[in-house]
Amino acid sequence: MHPKQISEWRKLPLTLADLCIETTLRCGQSFRWRKINDEWNCVLYGRLLSLKQDKSHLHYRVTSTITPGALTPGALTPPSSVQCESEIHEDDTETLLSHYFSLKHDLASLYDQWSKSDANFRKKAPKFTGIRILSQDPWEALIAFICSSNNNISRISQMVHKLCVYYGPLVGHVGDEAFHDFPTPQALSGKKVEAHLRELGFGYRAKYIAETARIVTKEKPEGWLESLINPDNPGWSAGEMTTAADLPTYRHAHEQLLLLSGVGPKVADCVCLMGLGWGEAVPVDTHVWQIAQRDYKFGKAKTKTFSKVMYDSVGDHFRKIWGEQAGWAQSVLFTANLKSFSEQASTKAEPVDIKVEVNEVEKVATVDEATPILRKRRRTTVVETVKIEEPMSTGMVRATRKKRKTRA
DNA sequence: CTCGCACCTGAGGA
DNA sequence: ATCCTCAGGTGCG
């Protein structure tokens, strides 16, 4: 056995504008990080990580580990290499973090790009720098966001924690607090899971989780979820070889996720964005819907629950504005809109910010008024009439929406 | 297809 | 304190 094996602190050169863990780890992407003595802790892929950061660096260390092979069934880990020595992991922990925080993207460039193409982003973003999309484990993201439905971040975090405690492997401790990894699909597909989760206060989500675990383990082939990962943003272990046949696309991944229980368009987009690496996925929830109405002149919904058409319309609009990483930009504005971060959100929510800012947003398919926008399948031309303004961001924004052929 | 509503729970405000 | 609203929605009729 390996007693404690607390490794030394290591560090990555990162400014707070490159990455702000204080914000990124609390803005409702992951619900698992716990702050203890000014350090953020979480188990990722079988290793207990601690993070802290200063002006110039992200400091990290691995407190303890368990054999990685047992945790990620889909990840092909050579059965022979189950080294316990933390030393083995040292080097690839940096790789793990680099992937987890999506460090291959230059955040300053992305913020610049979004600011150029969107006056509202330009106004809101400066107070919320360093927000990154986390590339999380797809399965964890799936279950966590099933828990998120009609729920608040505080309770979602509690629920995810319970899943880890009761169904995930114990990896180590920080002080007297135990840290478990996220449970595998198999662990959550037991017969009594639903009833137990009910007892634990999961409410109607207990059924969704149990059902989804059953579907993934029993009705889908091995590695099915991983096969939906964006090839341009491969998983950390690079264990998901997609057969050339099923050409994974964002649309396909989204569509597949909808087949699961408790997974609607919003949850599917969360998983696509934060678990499968599809940057164009824009989760439209109540907050984003509010943002769309307040800051982007989307019509007031006549119905309480906005329709699928409106859902897609909002997403398409943001994809048109922000481009390839629209979901990321959305996450920044989402965070700026969170009550928990309201103190940052400017001294006061001045309702006077109308100004000339949103001049180019223009009309945008007034979705309200029940205008049968898509009624007739009018070729593709109909829908939005967002004017193509200045030429600066041409290359990116032109997200070629080919064939809208909606089966007909 | 669209729409309306029930659904579990508990943290946080009035 | 007690009520009420709301929380990163989804499934079903």
Side-chain angles (χ1 to χ4, degrees), chain A residues 23-32 128 131 133-134 136 141-163 194-212 215 254-255 257-275 281-294 301-315 318 326-342 367-377 406-408:
Chain A
T23 307
T24 300
L25 299 181
R26 294 192 309 130
C27 67
Q29 292 192 63
S30 171
F31 304 92
R32 226 146 64 77
F128 294 90
I131 296 174
I133 289 297
L134 299 177
Q136 304 181 66
L142 173 59
I143 296 303
F145 285 106
I146 285 177
C147 290
S148 78
S149 80
N150 198 16
N151 206 347
N152 58 68
I153 292 180
S154 174
R155 188 156 76 109
I156 298 165
S157 301
Q158 294 178 49
M159 291 165 66
V160 171
H161 183 243
K162 286 177 181 174
L163 288 177
E194 180 181 344
H196 183 214
L197 294 183
R198 277 272 178 185
E199 292 176 22
L200 293 176
F202 279 64
Y204 56 80
R205 301 167 197 83
K207 185 176 185 179
Y208 296 160
I209 293 170
E211 262 290 281
T212 291
I215 294 173
H254 189 270
E255 178 186 338
L257 291 171
L258 289 180
L259 298 175
L260 301 171
S261 177
V263 179
K266 188 271 180 180
V267 169
D269 272 330
C270 284
V271 178
C272 280
L273 177 63
M274 294 167 251
V282 179
V284 182
D285 52 47
T286 59
H287 288 206
V288 176
W289 178 236
Q290 288 171 23
I291 292 172
Q293 291 180 129
R294 187 192 64 203
K302 309 190 80 68
T303 56
K304 190 72 176 73
T305 61
F306 51 102
S307 65
K308 184 74 169 74
V309 175
M310 279 194 267
Y311 185 96
D312 292 336
S313 177
V314 172
F318 284 142
W328 195 324
Q330 170 272 350
S331 197
V332 173
L333 290 191
F334 170 85
T335 303
N337 207 51
L338 273 181
K339 282 208 299 275
S340 0
F341 291 87
S342 56
V367 190
D368 54 334
E369 289 314 328
T371 22
I373 308 176
L374 302 176
R375 260 294 44 92
K376 296 296 192 65
R377 302 269 184 278
T406 57
R407 77 287 157 70

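First the proteins, then the strands, lettered A, B, ... as listed; each starts at 1.
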With ring centroids as reference points, do A/Phe334 and A/Phe128 lie under 6.0 angstrom apart?
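Between A/Phe128 and A/Phe334, which both carry aromatic rings, the centre distance is not below 6.0 Å.
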For B/dT2 versus C/dC12, give the span between their C1' atoms, rounded off to a whole number of Å.
13 Å
Side chain to side chain donor-acceptor pair (under 3.5 Å) partners of [X], counting only residues at least two apart:
{"X": "A/Asn151", "value": "A/Arg155"}
{"X": "A/Arg294", "value": "A/Asn337"}
{"X": "A/Glu194", "value": "none"}

Looking only at N and O atoms, is any donor in the side chain of A/Lys266 or the base of C/dG8 less than 3.5 Å from an acceptor on the other one?
yes
Quick one: the dot-bracket string of DNA chain C, using Watson-Crick and G-U wobble pairs with both distances under 3.5 Å, [ ] for crossing pairs and | for bases paired to another strand.
.||||||.|||||
Check the distance between [N]'s [atom2] and [X]'s [atom1] and give it to me in whole angstrom.
{"X": "A/Lys308", "N": "B/dT2", "atom1": "NZ", "atom2": "P", "result": "10 Å"}
{"X": "A/Lys339", "N": "C/dC6", "atom1": "NZ", "atom2": "C1'", "result": "7 Å"}
{"X": "A/Leu333", "N": "C/dG8", "atom1": "CG", "atom2": "C1'", "result": "14 Å"}

Side chain proximity check, A/Val288 to A/Phe318, heavy atoms < 4.5 angstrom
yes
Verify the neighbour count for atom NZ of A/Lys162: are there more than 12 heavy atoms of other residues, nucleotides or ligands below 6.0 Å?
yes
Considering residues at least two apart in sequence or located in another chain, which fulfil the ring-ring contact (aromatic ring centres under 6.0 Å, His included) criterion with A/His161?
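In terms of ring-ring contact (aromatic ring centres under 6.0 Å, His included), with neighbours along the sequence ignored, A/His161 is linked to no residue.
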Side chain of A/Asp285 (C-beta onward), nearest among B/dC3, C/dG8, C/dT10:
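Nearest listed nucleotide: C/dG8.
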Quick check: closest heavy atoms across A/Ser30 and A/Leu134, and the distance to 0.1 Å?
CB-CD1, 3.8 Å
OP1, OP2 of C/dC6 versus side-chain N and O of A/Thr286: anything below 4.0 Å?
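So the side-chain polar atoms of A/Thr286 never come under 4.0 Å of the phosphate oxygens OP1 or OP2 of C/dC6.
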What does nucleotides 5-14 of chain B look like as a protein-contact string, B for base, S for sugar-phosphate only, - for none, at under 4.0 angstrom between heavy atoms?
B-BBBBS---
